[in-house]
Amino acid sequence: MTIKIENLRKRFDAFPALDGIDLEIRQGELLALLGPSGSGKTTLLRVIAGLEHPDAGRVLFGGEDATGLGVQERRVGFVFQHYALFRHLTVADNIGFGLKVRRGRERWPRAKIDARVEELLSLVQLQGLGGRYPAQLSGGQRQRVALARALAIEPRVLLLDEPFGALDAQVRRDLRGWLRELHERTGLTTVFVTHDQEEALELADRVAILNHGRIEQLGTPADAYDRPASPFVYSFVGAVNRLRGRRQGERIEVAGLALPAPVDNTPAEGELDLFVRPEDLRVGEGGWSATVVAAQRSGPRMRVRARLDEGEGQELEIELPVDAGRVHTPGSRVGLLPVRFGAFPAG
């Protein structure tokens, strides 16, 4: 099922939650809506689901206008951050709930419902736990039950709102891999909301990065990280150093260092902001002269902070392999050369 969103607008009083969103979600893809709090990502997901109605614009499912349809008519499966399971029902009854409340021709025989529940328990790797209650499960297991319940109605689209936000870090990592495998098996068009950039970059086929109700960039995880389309994306996705510079012909000058001007986004003249990620700074000759002020190990890498001789004493963060980072103790001198960077008009 493809989903097409055209010029979607939604305001809450004076606040523009969605400000002219255009987006096409491909058949069978796993799309992440990524952005900070208040960026509009959850509102967009709720409009797709039919839980919110837009002030303007359209939502099309498979080419058909679904803007005026309710949640049940759209046949979407929705998974919330806090599970929303019925505590007084067993796992099996929670999963089968959406099927049991159907009326008329839509209602399934009990045997078919039971078979579907068993199929889903196996799919989410909870075989044998159908008779338990939500309170008897771990957080990760409860979220699997919530996902099975969303899948029970055989939805055309699966929507997830911060599905792992209430879980601890290790469980989140485990469930991310499991969700990706589940998506490959079901082939459902899936949209999930997250503010966790690592989650989005690891899971999604494409990422839509939202800011102030607008899409700043839409593309693959590699595009978002390696080729940010704006200063906001550079700053939001991954760590980055930001320095003020100036365009001079085919070169840009930043803190006394001349660099070739990037092809994209660099202003034709005048002041600019240079963005360079910590892992894209190389220690060696011919770059900025700096003094190390701090070094700290972060897992298999070293995070080194160094103060530039020029540029009003600005500090840069460098990411190095542990063995290389250990030799750069506070007070030592280093040369820093940016091997990949981006430049935008000064903000």
Side-chain angles (χ1 to χ4, degrees), residues 1-12 17-18 20-34 40-86 94-108 112-113 116-117 119-120 123-124 143 145-163 179 182-183 185-194 204-206 208 210 213 215 218:
M1 174 68 64
T2 60
I3 305 172
K4 191 171 184 180
I5 294 159
E6 298 178 343
N7 194 31
L8 212 61
R9 298 181 184 275
K10 177 70 177 179
R11 297 182 73 89
F12 295 106
L18 300 175
I21 295 286
D22 290 300
L23 175 64
E24 186 162 351
I25 302 165
R26 300 166 181 163
Q27 165 72 34
E29 83 169 327
L30 183 58
L31 178 81
L33 302 178
L34 175 65
K41 56 189 187 296
T42 293
T43 301
L44 177 55
L45 193 78
R46 289 175 64 84
V47 169
I48 295 172
L51 296 169
E52 296 281 357
H53 296 287
D55 300 327
R58 298 197 304 166
V59 178
L60 293 89
F61 278 22
E64 297 181 3
D65 193 344
T67 313
L69 300 181
V71 179
Q72 290 184 334
E73 294 171 294
R74 296 188 192 199
R75 278 183 54 201
V76 298
F78 204 109
V79 179
F80 298 91
Q81 176 179 342
H82 295 288
Y83 325 125
L85 299 178
F86 298 111
N94 264 286
I95 294 172
F97 181 81
L99 299 173
K100 292 175 182 177
V101 297
R102 287 177 170 176
R103 292 292 179 264
R105 295 181 179 178
E106 294 292 317
R107 188 174 178 86
W108 287 9
K112 185 176 180 181
I113 294 175
R116 177 65 173 160
V117 169
E119 176 189 353
L120 288 166
L123 184 67
V124 300
Q143 194 58 288
V145 174
L147 188 53
R149 184 178 62 183
L151 293 171
I153 62 169
E154 298 182 321
R156 298 187 294 174
V157 175
L158 183 62
L159 307 176
L160 305 100
D161 188 8
E162 299 273 9
L179 178 60
L182 186 67
H183 176 261
R185 292 174 65 181
T186 63
L188 274 175
T189 302
T190 303
V191 185
F192 75 99
V193 159
T194 183
D205 297 313
R206 290 192 303 158
L210 280 79
I215 295 178
L218 173 65

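Not measured: the values here are computed from a predicted model.
In this structure, F78 and L45 have side chains that are in contact, with non-hydrogen atoms separated by less than 4.5 Å. When side chains are defined from C-beta on, K100 counts as touching I113, because their heavy atoms get closer than 4.5 Å. Side-chain contact between V76 and I48 is absent, with no heavy atoms from C-beta onward closer than 4.5 Å. Inter-residue side-chain proximity for L60 and R58 is flagged as met; some heavy-atom pair is nearer than 4.5 Å. Using a 4.5 Å heavy-atom cutoff, the side chains of I153 and P155 are in contact.
Atom CG of L8 sits about 5.5 Å away from atom CG of L18, to the nearest 0.5 Å. A distance of 6.5 Å separates CG in L159 from CD1 in I3, rounded to the nearest 0.5 Å. Here CZ of F97 is found 12.5 Å from CZ of R102. Values are rounded to the nearest 0.5 Å. To the nearest 0.5 angstrom, L99 atom CG is 9.0 Å from K112 atom NZ. The line from CG of L218 to CG of D22 is 11.0 Å long, rounded to the nearest 0.5 Å. Interatomic distance, R46 CZ to H53 NE2, rounded to the nearest 0.5 Å: 10.5 Å.
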Q: Verify side-chain contact (heavy atoms from CB on, under 4.5 Å) between V191 and L44, making sure each step is shown before the conclusion.
A: CA-CA 10 Å; V191 185; L44 177 55; over 6 Å; no
Q.
The test is side-chain contact (heavy atoms from CB on, under 4.5 Å); show your working for F192 and H183 and say whether it passes.
A. CA-CA 12 Å; F192 75 99; H183 176 261; over 6 Å; no
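Using a 4.0 Å cut-off between a side-chain N of Lys or Arg and a carboxylate O of Asp or Glu, D55 and R11 do not qualify as a salt bridge.
Pairing each heavy atom of E24 with each of E29, the nearest pair is O-OE2, 4.2 Å. For T2 against G63, the heavy-atom pair with the smallest separation is OG1-N, 4.4 Å. Scanning both residues, A148 and V124, for their nearest heavy atoms gives CB-CG1, 3.9 Å. For the pair I21 and I5, the tightest heavy-atom approach, listed with the atom from each and the gap, is O-CG2, 3.5 Å. In terms of heavy-atom proximity, L158 sits nearest to L188 at CB-CD1, 4.2 Å. In this structure, T67 and P54 approach most closely via the heavy-atom pair CG2-CG, 3.9 Å.
Counted within 6.0 Å of CD on E119, heavy atoms from surrounding residues, nucleotides or ligands total more than 12; the atom is thus considered enclosed.
For N94 (side chain) and F86 (main-chain N/O), a donor-acceptor pair under 3.5 Å exists by modelled atom type.
At least one cation-pi condition fails for R75 and F61: the charged atom is not both under 6.0 angstrom from the six-membered ring centre and inside a 45 degree cone around its axis.
Screening T189, T190, D205, L23 against L31 for a side-chain contact (heavy atoms from CB on, under 4.5 Å) leaves a single residue, L23.
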